[in-house]
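Notes for the one structure printed next.
These numbers come from the heavy atoms of this one structure, side chains and all, not from hydrogens, waters or symmetry mates. Note that this is a predicted model, so its numbers are computed, not measured.
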Amino acid sequence: MENHLGSCHCQAIQFEIEADFPELTTCDCSICIRKNALRLKVHESNFRLKPGEANLTKYQFHTHTAEHYFCKTCGIYPFHKKSVTPDFYGINVFCLEGFDPEGIPVRATVGKGMV
């Protein structure tokens with residue numbers, strides 16, 4: 001497992017993850033399709049929020065179980081707390097410093113029908 005630093009665009013929200021990268025995922029639910037993020041599933045024990053908690057804003061919809069986080073300043077979505085597996089974060093890999101997703105398999109997940 002490797003450590004990776006991440007942040008929103010304005011750097012107000014910073015985080016660190018420890019992860020290997022067996023696969024990345026996309027999702028077709030109503031919010032993810034609009035965000036067009038490429039995500040990595042990370043257990044909460046391998047996620048550390050650094051400076052910026054006060055700059056996070058949370059958005060919830062439908063069943064109000066998933067927690068989608070955004071930066072109040074720049075609007076970037078760095079991560080969310082998953083609804084199906086609430087002890088995991090979905091990390092927007094485009095927010096990781098120097099990360100190149102080239103060569104990592106991408107699995108499309110079906111979120112449209114989730115309730």
Side-chain angles (χ1 to χ4, degrees):
M1 292 237 255
E2 301 173 20
N3 284 339
H4 292 272
L5 299 175
S7 68
C8 63
H9 188 257
C10 71
Q11 304 279 319
I13 297 166
Q14 298 177 26
F15 60 95
E16 183 176 3
I17 62 167
E18 187 176 342
D20 51 11
F21 295 86
E23 70 177 7
L24 303 175
T25 60
T26 60
C27 177
D28 68 355
C29 79
S30 61
I31 192 169
C32 289
I33 201 79
R34 286 168 174 84
K35 289 188 292 195
N36 194 31
L38 190 55
R39 302 173 325 201
L40 171 69
K41 186 176 175 179
V42 174
H43 191 269
E44 62 188 5
S45 64
N46 293 324
F47 174 89
R48 286 167 292 293
L49 184 59
K50 293 175 153 264
E53 187 170 0
N55 222 51
L56 280 175
T57 191
K58 178 173 63 173
Y59 175 68
Q60 291 181 288
F61 67 103
H62 192 50
T63 63
H64 295 269
T65 51
E67 300 173 349
H68 301 266
Y69 291 98
F70 298 87
C71 175
K72 290 179 185 178
T73 303
C74 67
I76 295 297
Y77 147 73
F79 51 83
H80 74 276
K81 199 73 155 139
K82 297 173 74 64
S83 60
V84 177
T85 50
D87 52 338
F88 283 85
Y89 283 91
I91 305 296
N92 179 356
V93 298
F94 297 125
C95 290
L96 298 176
E97 289 180 15
F99 182 76
D100 182 3
E102 183 75 28
I104 300 172
V106 176
R107 180 174 54 90
T109 59
V110 179
K112 258 185 208 176
M114 295 177 80
V115 290

F70 side, atom CZ; C8 side, atom SG - distance, nearest 0.5 Å: 12.5 Å
Would you say T25 and K41 make side-chain contact, with heavy atoms under 4.5 Å? no
Does Q60 reach the main-chain N or O of A66 with its side chain, forming a donor-acceptor pair under 3.5 Å? yes
Smallest heavy-atom separation, T109 atom then T26 atom, equals OG1-O, 2.6 Å
Aromatic contact, F21 with F99 (centres under 6.0 Å): yes
Would you confirm whether the ring centroid of Y69 sits within less than 6.0 angstrom of the ring centroid of Y59? no
Check whether Y77 forms a cation-pi arrangement with K35 (NZ or CZ under 6.0 Å from the six-membered ring centre, at most 45° off the ring normal). yes
Flag the pair H43 / Y89 as yes when their ring centroid distance falls below 6.0 Å, and as no otherwise. no
Just wondering, do N3 and R48 contact through their side chains at under 4.5 Å, heavy atoms? yes
If hydrophobic clusters are built by linking Ile, Leu, Val, Met, Phe, Trp and Tyr wherever their side-chain heavy atoms come under 4.5 Å apart, do V93 and I104 end up in the same one? yes
Is any NZ, NE, NH1 or NH2 atom of the basic residue among E67 and K82 found under 4.0 Å from an Asp or Glu carboxylate oxygen of the other? no
Take atom CD of E53 as the centre, draw a 6.0 Å sphere, and report whether it contains more than 12 heavy atoms from other residues, nucleotides or ligands. no
Quick check: is V106 connected to L96 through a chain of hydrophobic side chains (ILVMFWY, heavy atoms under 4.5 Å apart)? yes
Less than 4.5 Å apart, side chain to side chain, heavy atoms only: is that true for V42 and F79? no
What pair of heavy atoms forms the shortest contact from C71 to C74, and how long is it? SG-N, 3.4 Å
For L38 and P101 the tightest heavy-atom approach is CD2-CB, 4.0 Å
Quick check: closest heavy atoms across L40 and D20, and the distance to 0.1 Å? CD1-O, 3.9 Å
For the residue pair S7 and F15, establish whether any side-chain heavy-atom pair is separated by less than 4.5 Å. no
Verify side chain to side chain donor-acceptor pair (under 3.5 Å) between T73 and N55, making sure each step is shown before the conclusion. CA-CA 7 Å; T73 303; N55 222 51; 3.0 Å; yes
So if you build clusters from Ile, Leu, Val, Met, Phe, Trp, Tyr with side-chain heavy-atom gaps below 4.5 Å, do I31 and L56 land together? no
Got L5 and K50 here, is their nearest side-chain heavy-atom distance under 4.5 Å? yes
At their closest point, which heavy atom of I13 faces which heavy atom of G52, and how far apart are they? CG1-O, 3.7 Å
Out of curiosity, does F88 fall in the hydrophobic cluster containing I91 (side-chain heavy atoms, cut-off under 4.5 Å, transitive links)? no
Minimum-distance pair of heavy atoms, taken over all atoms of R39 and C27: NH1-CB, 3.3 Å
I'd like to check H80 versus K58 (side-chain heavy atoms, cut-off strictly below 4.5 Å). Are they in contact? no
